[in-house]
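First the structure, in the form of structure tokens, and then the observations on it.
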Protein chains: 2
Amino acid sequence: MHKSRLGGLIIDCRTKDLGKAAEFWGQALGMAWEQAQADDSADYRTLQAPPGEPYMEVQRVDHASRVHLDIETDDVPAEVKRLEALGARRLGAVRDWVVMEAPTGQRFCVVPVVRGGFDEGANVWK
Amino acid sequence: MHKSRLGGLIIDCRTKDLGKAAEFWGQALGMAWEQAQADDSADYRTLQAPPGEPYMEVQRVDHASRVHLDIETDDVPAEVKRLEALGARRLGAVRDWVVMEAPTGQRFCVVPVVRGGFDEGANVWK
């Protein structure tokens, strides 16, 4: 038995100026944004989503700009297996995330639990 | 003065079988999905997002599959003007929605208010 749910939304931006990208999206969505706090988060800015809503991040990427979903789970390998059985394809891993592709073509990530309220809010898979 | 906030997420799928696309995304995210109820919603399926979270829809499209954001507002023209001042570009209109492109390249829509709790939850722009 494991659990999962929609974790958050990542706004992938092909840009040299991540600060400017975060500023646009923060102002567009009315969310404050935070500077990266560690070296390894240099490619990310967190937007402050309202409590209880999926998290939002702006990411600097080399591929074309897009938006992708994160599915958060308490068991990444089990969730990847479940999604493969539904028709998704495993493309690779980055840190402790697994990158997958939906049968409809969108890429998304399976990640360890990030936002609060997971135990009550997540779906249970047997 | 007008208001806006993140309304929802549209999962654009280039597919002939919208039902199958909705089934994948519904099962992947653990959300029930609904059949279209009117002729003009034949290209859409609603996924039941948890209360208080952004709405989720699966849409059949002719362009490449992707995910896009909707910004909901009580004044579409004023919100479009605000977003243009931030650097977004107006691309066109579909029904009562305006399609825009962010300076970082993603397309998104500005739409009339859809989800509950807008008055309390939305950002106020003066």
Side-chain angles (χ1 to χ4, degrees), chain A residues 3-7 9-15 17-18 20-31 47 49-54 56 58-61 64-69 71 73 79 82-83 85-88 100-108 110 117 120-125, chain B residues 3-7 9-15 17-18 20-31 47 49-54 56 58-61 64-69 71 73 79 82-83 85-88 100-108 110 117 120-125:
Chain A
K3 295 182 179 185
S4 73
R5 69 169 172 179
L6 173 65
L9 275 179
I10 316 297
I11 302 176
D12 295 330
C13 299
R14 180 154 61 185
T15 179
D17 193 340
L18 181 62
K20 210 170 156 184
E23 189 176 340
F24 170 77
W25 283 104
Q27 293 191 345
L29 299 169
M31 297 177 185
L47 302 182
E53 298 195 13
M56 306 278 300
V58 177
Q59 180 182 195
R60 174 165 43 208
V61 297
S65 287
R66 58 188 178 221
V67 174
H68 79 256
L69 302 182
I71 293 178
T73 179
E79 178 66 1
R82 186 183 75 84
L83 292 161
L86 296 176
M100 301 193 75
E101 187 172 271
T104 48
Q106 299 88 349
R107 293 189 175 191
F108 61 96
V110 179
E120 314 83 71
N123 305 286
V124 180
W125 309 109
Chain B
K3 295 182 178 184
S4 73
R5 67 169 175 180
L6 174 64
L9 276 179
I10 315 299
I11 302 176
D12 295 329
C13 299
R14 180 153 62 184
T15 180
D17 192 339
L18 181 62
K20 210 170 157 185
E23 190 176 340
F24 170 78
W25 284 104
Q27 292 192 345
L29 298 170
M31 298 177 185
L47 302 181
E53 298 195 14
M56 306 278 299
V58 177
Q59 179 182 197
R60 173 165 44 208
V61 297
S65 287
R66 58 187 177 221
V67 174
H68 80 256
L69 303 182
I71 292 178
T73 180
E79 179 66 0
R82 186 184 76 85
L83 292 161
L86 296 177
M100 300 192 78
E101 187 173 271
T104 49
Q106 299 88 349
R107 293 190 175 191
F108 62 95
V110 179
E120 313 83 72
N123 305 286
V124 181
W125 309 109

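Note that these values count all heavy atoms, side chains included, but never hydrogens, waters or copies made by symmetry. Convention: sequence-line order gives letters A, B, ...; per-chain numbering from 1.
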With a 4.5 Å cut-off on heavy-atom pairs, point out which of [options] contacts chain B the most.
options: A:V124, A:T15, A:L69; result: A:L69
options: A:G121, A:G105, A:P54, A:G87; result: A:P54
options: A:A28, A:A64, A:C13, A:A21; result: A:A28

Self-check item: Counterpart residues, salt bridge (charged side-chain N to carboxylate O under 4.0 Å, His left out), relative to B:E23 (two or more places apart)
Solution: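 Expected list: none.
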Region of [X] in contact with chain B, defined by heavy-atom distances below 4.5 Å:
X: A:L86; answer: both
X: A:R107; answer: neither
X: A:A88; answer: both

Quiz item: Is chain A contacted by the side chain of B:I11, its backbone, both, or neither, given a heavy-atom distance below 4.5 Å?
Solution: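 Both parts, heavy atoms under 4.5 Å.
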Quiz item: For B:D12, is it the side chain, the backbone, both or neither that has a heavy atom under 4.5 Å from a heavy atom of chain A?
Solution: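 Answer is backbone: N, CA, C or O of B:D12 sit under 4.5 Å from chain A.
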Quiz item: Angle class for the B:F24/A:F108 ring planes (parallel below 30°, perpendicular above 60°, tilted otherwise)?
Solution: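 Answer is tilted, since the angle falls between 30° and 60°.
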Quiz item: Could you state the interatomic distance from OG1 (B:T104) to CG (A:L18), rounded to the nearest 0.5 Å?
Solution: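 Reported value, rounded in 0.5 Å steps: 10.5 Å.
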Quiz item: Can you name the side-chain contact (heavy atoms from CB on, under 4.5 Å) partners of A:A122, sequence neighbours left out?
Solution: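 A:K3, A:R5, A:F118.
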Practice problem: For B:N123 and A:M31, indicate whether the former's side chain and the latter's backbone hold a donor-acceptor pair under 3.5 Å. | Solution: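 No; judged by distance alone, with no hydrogens or angles, the pair does not exist.
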Self-check item: Within-4.5 Å side-chain heavy-atom neighbours: B:I71 and B:M100
Solution: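 Heavy-atom side-chain distance check fails, nothing below 4.5 Å.
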